[in-house]
Amino acid sequence: MLRSVSMDEISDGKLYSSSDMVRADSLGCDGCHECCCHMGNSILLDPFDVYQMSQGLHVPAAALFNGQLQLTPVDGIVLPAIAMTSDKDQCSFLNKAGRCSIHMFRPGFCRLFPLGRVYDGTGFSYFLQTGQCKKERLAKVKVRQWINIPELKRYEQFVCYWHYFLKDLAKTSQGLSPELIKTLHSYILKVFYLTPYQDGSDFYDQFYMRLNDAKKLFL
C-alpha cells in the first residue's frame, strides 16, 4: 500500500537492514493486542502469507475467505487482507484470550510490526514506526531475529518482486476496460492465492513460474 507521508512523521528517521539492531522488541505483549484491533483492511497479504496460513491451518486457501479474509482494492489492484470481526473490530485470528492463534505462521505485516518497509525503486529498507506499540520502552533486537522467517534473503527477494510486480500491474490496469480489469483481478487471486502450491516443491520456485506467466500476459 502506497503511503504519501514523510518518514520524519512516522519513524525515527533511520533506515535499517536485516543485520541492524533496532528498538522493536516488546519482550512479550502481556496480553495486549492493541495492534490487532481497528486495522480496517490494512493487513494486506501476499501469496506467501496465504500459503503459510493455509499450510499452518491445514485448510485450502479458499476456505480462509469464509470470514477470516476479505478482498480489498489497493492502489488499483484487488488483494486479500485479514478481516476484522464485526463485534469487537479486531483481527479474526485472535482467540478468546486475545492472543494470536496463527502466531507461528503469521503474515509478514504482523512479523514486521512495529517495523515497516520503504522501497527505493529496486529494493527496500526497514524503518521503525514510532509511537505504534503501546509498550513504553522497547528493547533492541536484530531485524532478522525480530522477523524470524526462514531463508530471509529469499523471502526479501520475493517481497521485492511481488511489490514491483503489483506496482507495474497498477500502471497497466489504468488503460484497461472494466471487463479486462475484472479479468486481471480474478487471475491474480486464482493463480497466486487460490491455486494450491505443491507440497514437497519449493514455494519460491513455484511463485516465480507463476509470476513469469503473469508478466507475459499483462506487462
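Computed from a predicted model, the values in this text were never measured in an experiment.
Across all their heavy atoms, Phe48 and Ile149 have their closest contact at CE2-CD1, 3.6 Å. Closest approach of Ser173 and Gly76 over heavy atoms only: OG-O, 4.1 Å. A pairwise comparison of heavy atoms in Thr85 and Cys91 identifies CG2-O, 4.2 Å as the closest pair. For the residue pair Ser26 and Cys133, the shortest heavy atom distance occurs at CB-SG, 4.4 Å. Taking both residues in full, the closest heavy atoms of Arg106 and Ile147 are given as NH2-O, 4.4 Å, listed atom of the first, atom of the second, then distance. When every heavy atom of Lys142 is checked against every heavy atom of Ser19, the shortest pair comes out as CE-O, 3.5 Å.
We find that Asp205 and Arg154 are joined by a salt bridge, their nearest charged nitrogen and carboxylate oxygen being less than 4.0 Å apart. Ion pairing between a basic and an acidic side chain is recognised when a charged N comes within 4.0 Å of a carboxylate O; Lys182 and Glu179 show no such pairing.
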One pair to check against side-chain contact (heavy atoms from CB on, under 4.5 Å): Leu211 and Phe192. What are the steps and the verdict?
CA-CA 8 Å; Leu211 183 67; Phe192 288 102; 4.3 Å; yes
Given the rule in the side-chain contact (heavy atoms from CB on, under 4.5 Å) test, do Val22 and Lys140 qualify, once you have shown the distances and angles that lead to the verdict?
CA-CA 5 Å; Val22 61; Lys140 282 191 173 184; over 6 Å; no
Decide side chain to side chain donor-acceptor pair (under 3.5 Å) for Tyr126 and Glu156; before the verdict, give the C-alpha distance in whole Å, the side-chain angles of both, and the deciding distance to 0.1 Å.
CA-CA 11 Å; Tyr126 299 98; Glu156 289 178 329; 2.6 Å; yes
If you apply the rule side-chain contact (heavy atoms from CB on, under 4.5 Å), what do you find for Ile82 with Ser92, and how did you get there?
CA-CA 7 Å; Ile82 289 184; Ser92 54; 3.9 Å; yes
Would you sort out whether Tyr208 and Asp213 count as a side-chain contact (heavy atoms from CB on, under 4.5 Å), showing the intermediate values?
CA-CA 9 Å; Tyr208 288 123; Asp213 288 343; over 6 Å; no
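A donor-acceptor contact shorter than 3.5 Å is absent between the side chain of His33 and the backbone of Arg99. In this structure, Thr72 contributes its side chain and Ala81 its backbone to no donor-acceptor pair below 3.5 Å. Proximity of a side-chain donor or acceptor of Asp49 to a complementary backbone N or O of Gly108 within less than 3.5 Å is detected. Within the 3.5 Å criterion, the main-chain N or O of Asp12 finds no donor-acceptor partner in the side chain of Thr130.
Residue pairs satisfying the ring pair (Phe, Tyr, Trp, His ring centres under 6.0 Å) criterion with at least one member in residues 72-119, sequence neighbours excluded, are listed as follows: Tyr119-Phe124, Tyr119-His163, Tyr119-Tyr164.
For the 3.5 Å distance criterion, the side chains of Tyr51 and Gln206 fail to qualify, holding no donor opposite an acceptor.
Taking CG of Asp202 as the reference point, atom CZ of Phe207 lies at 12.0 Å (rounded to 0.5 Å). Atom CH2 of residue Trp146 and atom CZ of residue Arg111 lie 11.0 Å apart, to the nearest 0.5 angstrom. Rounding to the nearest 0.5 Å places NZ of Lys190 at 6.0 Å from OG1 of Thr195. In this structure, CG on Leu44 lies 9.5 Å from CG on Leu166, to the nearest 0.5 angstrom. Here SG of Cys100 is found 8.5 Å from CG of Asn95. Values are rounded to the nearest 0.5 Å. Here the CG-NZ distance, from Leu27 to Lys135, works out to 5.5 Å after rounding to the nearest 0.5 Å.
Between Ile77 and Leu184, some side-chain heavy-atom pair lies under the 4.5 Å cut-off. The shortest side-chain heavy-atom distance between Leu79 and Leu45 does not fall under the 4.5 Å cut-off. Considering only heavy atoms from C-beta on, Pro47 comes within 4.5 Å of Tyr197 through its side chain. Under the 4.5 Å side-chain criterion, counting only non-hydrogen atoms from C-beta, Pro80 is in contact with Tyr193. Tyr187 has its side chain out of reach of His185: every pair of non-hydrogen atoms, C-beta onward, lies at least 4.5 Å apart. Under the 4.5 Å side-chain criterion, counting only non-hydrogen atoms from C-beta, Phe65 is in contact with Leu194. Contact check for Gln70 versus Met84: no side-chain heavy atoms found under the 4.5 Å cut-off. Side-chain contact between Leu15 and Asp20 is absent, with no heavy-atom pair separated by less than 4.5 Å.
Following chains of ILVMFWY side-chain contacts shorter than 4.5 Å, one cannot reach Leu152 starting from Met21, and the two form parts of different hydrophobic clusters. In terms of hydrophobic clustering, with Ile, Leu, Val, Met, Phe, Trp and Tyr side chains grouped at heavy-atom distances under 4.5 Å, Met209 and Leu169 are assigned to different clusters. Residue Phe158 is grouped with residue Leu219 when hydrophobic side chains (ILVMFWY) are merged at heavy-atom distances under 4.5 angstrom, including chains of intermediate members. Taking hydrophobic clusters as Ile, Leu, Val, Met, Phe, Trp and Tyr residues chained together by side-chain heavy-atom distances below 4.5 Å, Leu189 shares a cluster with Leu217. Connection of Leu64 to Leu94 is not established within any shared hydrophobic cluster, with ILVMFWY side chains joined at heavy-atom distances below 4.5 Å, either directly or through further cluster members.
Taking the six-membered ring wherever Trp is involved, the centroid distance between the rings of Phe127 and Tyr16 does not fall below 6.0 Å.
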Which pairs would a plain distance check flag for residues 52-63, meaning a side-chain donor or acceptor within less than 3.5 Å of a matching protein atom at least two apart in sequence or in another chain?
{"unit_1": "Ser54", "atom_1": "OG", "unit_2": "Val59", "atom_2": "O", "d": "2.5"}
{"unit_1": "Gln55", "atom_1": "NE2", "unit_2": "Asp199", "atom_2": "OD1", "d": "3.3"}
{"unit_1": "His58", "atom_1": "ND1", "unit_2": "Gln55", "atom_2": "O", "d": "3.4"}

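Considering only residues two or more places apart in sequence or on other chains, Lys96 meets the salt bridge (Lys or Arg N to Asp or Glu O under 4.0 Å) condition with none of them.
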